[in-house]
Amino acid sequence: MGEMSNFQLGVIGALFLSVASSVSIVICNKALMSNLGFPFATTLTSWHLMVTFCTLHAAQRLNLFVTKSIDFKTVMLFGILNGISIGFLNLSLGFNSIGFYQMTKLAIIPFTVLLETIFLKKQFSSKIKFSLFLLLVGVGIASITDLQLNFVGTVLSLLAIITTCVGQILTNTIQKKLNVSSTQLLYQSAPFQAAILFVSGPVVDQMLTKQNVFAYKYSPIVLAFIILSCLIAVSVNFSTFLVIGKTSPVTYQVLGHLKTCLVLGFGYTLLHDPFTGRNILGILIAVFGMGLYSYFCTEDNKKKQLASDLPLSSQVKDKDSAAVLAGKNVGNQKEENDEVKKLSKDSVI
């Protein structure tokens with residue numbers, strides 16, 4: 001029971017850290033890109049990952065965590081895949097409308113459920129599927145504004161969905177199968193993610209913005225926000241791996257949509273973004289769906305726990321009954337031996 005309560009506290013802490021850091025970095029990046037005119041999102045992400053790796057390397061040298069060797073090919077391919085997925089998401093945003101980009105993000109949940117059902121044989125109850133449907137409807141109402149389709153944008157969105165889902169499923173699978181912590185996996189894979197984005201980031205950003213990141217004039221306030229964004233990103237990257245490792249890729253996506261609702265709320269409160277009754281209705285539906293998802297997941301976990309405890313208790317009972325029967329058999333055997341001895345004595349007499 002103590003281990004279970006500690007695990008639940010760890011999950012709650014990971015979820016809180018993920019929400020707080022993600023909402024903070026979105027607000028910081030929005031101010032950096034919208035108000036200060038720094039539009040290079042992919043290059044900024046590569047800087048995030050480099051700072052994350054440097055921070056983890058310093059923590060490792062201070063013995064704050066122990067590194068664990070992972071197969072080089074596995075971690076390299078995993079890091080490159082995650083880097084490519086970020087690039088595709090940014091390209092999708094550049095070639096599509098905001099509404100279609102939000103649809104791309106919404107499609108990640110059902111596609112993740114489909115992949116886990118087909119390849120990992122994971123079962124999702126109809127109640128959980130219904131709660132996910134409500135969540136998607138709510139976020140869609142709150143965030144989707146217009147839908148403009150084009151061939152290139154659609155292809156990029158499909159690639160972004162596939163790579164993101166596979167990357168998040170692998171994050172969970174690698175941690176559990178290789179018995180590595182989120183910190184260890186992030187430390188091993190961050191250099192590869194940073195490298196692929198550091199090389200491709202300026203090219204992707206120039207395609208999207210028609211500007212060169214190296215020709216940009218960096219003012220002191222822009223540099224201050226970039227540093228702040230990189231520092232918050234350390235917490236974001238760490239909490240992402242932590243949440244997926246402790247829960248599941250689907251739960252992480254559900255959490256991501258909660259962040260979307262919070263960002264809309266904070267954007268209205270802090271940045272004075274336009275906010276309508278449609279936004280409020282969508283957020284309420286999404287929060288209700290998320291609450292149902294959390295409740296049904298808790299119920300399923302309790303049922304699984306009871307199911308796993310029942311065989312153990314039955315085994316204990318079987319052992320006890322076997323011991324009792326063995327005791328009876330020993331007693332009966334003793335009585336039979338006594339009778340045999342008595343008869344043998346009588347026969348000798």
Side-chain angles (χ1 to χ4, degrees), residues 1-26 28-29 44-86 163-164 166-198 201 226-256 259 301:
M1 290 297 291
E3 291 181 358
M4 181 60 67
S5 61
N6 289 335
F7 175 76
Q8 290 175 346
L9 287 174
V11 171
I12 293 171
L15 295 175
F16 177 79
L17 178 63
S18 180
V19 171
S21 58
S22 295
V23 172
S24 299
I25 201 169
V26 166
C28 178
N29 288 348
L44 181 63
T45 304
S46 71
W47 297 345
H48 288 168
L49 288 163
M50 283 191 288
V51 172
T52 299
F53 172 73
C54 292
T55 304
L56 289 176
H57 184 67
Q60 185 267 331
R61 295 299 296 270
L62 293 171
N63 296 321
L64 296 180
F65 73 95
V66 179
T67 58
K68 187 172 183 178
S69 60
I70 307 174
D71 178 61
F72 179 79
K73 185 178 178 181
T74 299
V75 76
M76 182 185 69
L77 293 175
F78 170 74
I80 291 174
L81 175 66
N82 277 340
I84 290 173
S85 73
I86 295 171
T163 53
T164 301
V166 173
Q168 290 178 359
I169 291 172
L170 284 177
T171 301
N172 181 270
T173 304
I174 290 173
Q175 288 187 56
K176 290 182 177 177
K177 284 196 173 182
L178 300 183
N179 194 26
V180 294
S181 68
S182 55
T183 309
Q184 291 166 337
L185 180 58
L186 180 58
Y187 178 66
Q188 298 278 355
S189 62
F192 298 104
Q193 295 183 57
I196 191 72
L197 289 177
F198 188 75
I226 289 174
I227 293 171
L228 178 62
S229 178
C230 288
L231 292 176
I232 299 173
V234 176
S235 178
V236 172
N237 290 325
F238 174 73
S239 62
T240 296
F241 279 65
L242 192 62
V243 168
I244 296 176
K246 285 184 174 293
T247 56
S248 69
V250 174
T251 299
Y252 176 72
Q253 285 299 326
V254 170
L255 192 68
K259 296 170 193 174
N301 288 335

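Note that the numbering runs from 1 along the sequence shown for the chain.
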Within a strict 4.5 Å, meaning less than it, do heavy atoms of the F241 and Q175 side chains meet?
yes

For residues 61-71, please give each side-chain donor-acceptor pair under 3.5 Å, one per line with the distance, not counting sequence neighbours.
residue	atom	partner	partner atom	Å
K68	NZ	L178	O	3.4
K68	NZ	N179	O	2.9
D71	OD2	T74	N	3.1
D71	OD2	T74	OG1	2.9

Just verifying a value: how many Å separate L77 CG and F192 CZ, rounded to the nearest 0.5 Å?
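So the CG of L77 and the CZ of F192 are separated by 9.0 Å.
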
Looking at CD1 of I169 and CD1 of I174, how far apart are the two atoms once the value is rounded to the nearest 0.5 Å?
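If I round to the nearest 0.5 Å, the distance is 11.5 Å.
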
Check I232 against C28 and note the closest heavy-atom contact, atom names and distance.
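In terms of heavy atoms, the two residues are closest at CD1-CB, 4.4 Å.
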
What are the two closest non-hydrogen atoms of L197 and G83, and how far apart are they?
CD2-O, 3.3 Å

Would you check, one step at a time, whether the test side chain to side chain contact (heavy atoms under 4.5 Å, CB included) holds for N82 with F78?
CA-CA 6 Å; N82 277 340; F78 170 74; 3.1 Å; yes

Once you round to the nearest 0.5 Å, how far does OG1 of T163 lie from CG of L170?
11.5 Å

Surrounding NZ of K73 (heavy atoms of other residues, nucleotides or ligands, distance under 6.0 Å), is the total greater than 12?
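No - once you tally the heavy atoms of other residues, nucleotides and ligands closer than 6.0 Å, there are 12 at most.
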
Is there a donor-acceptor pair under 3.5 Å between the side chain of S229 and the backbone N or O of I226?
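Side chain of S229 to backbone of I226, a donor-acceptor pair under 3.5 Å: no, none is there.
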
Any chance you could measure I196, atom CD1, to S46, atom OG, to the nearest 0.5 Å?
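It is 11.0 Å, given to the nearest 0.5 Å.
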
Enumerate, atom names and distances included, each donor-acceptor pair closer than 3.5 Å involving a side-chain atom of residues 49-58, sequence neighbours excluded.
residue	atom	partner	partner atom	Å
T52	OG1	H48	O	2.8
T52	OG1	N237	ND2	2.9
T55	OG1	V51	O	2.8
H57	ND1	Y187	OH	2.8

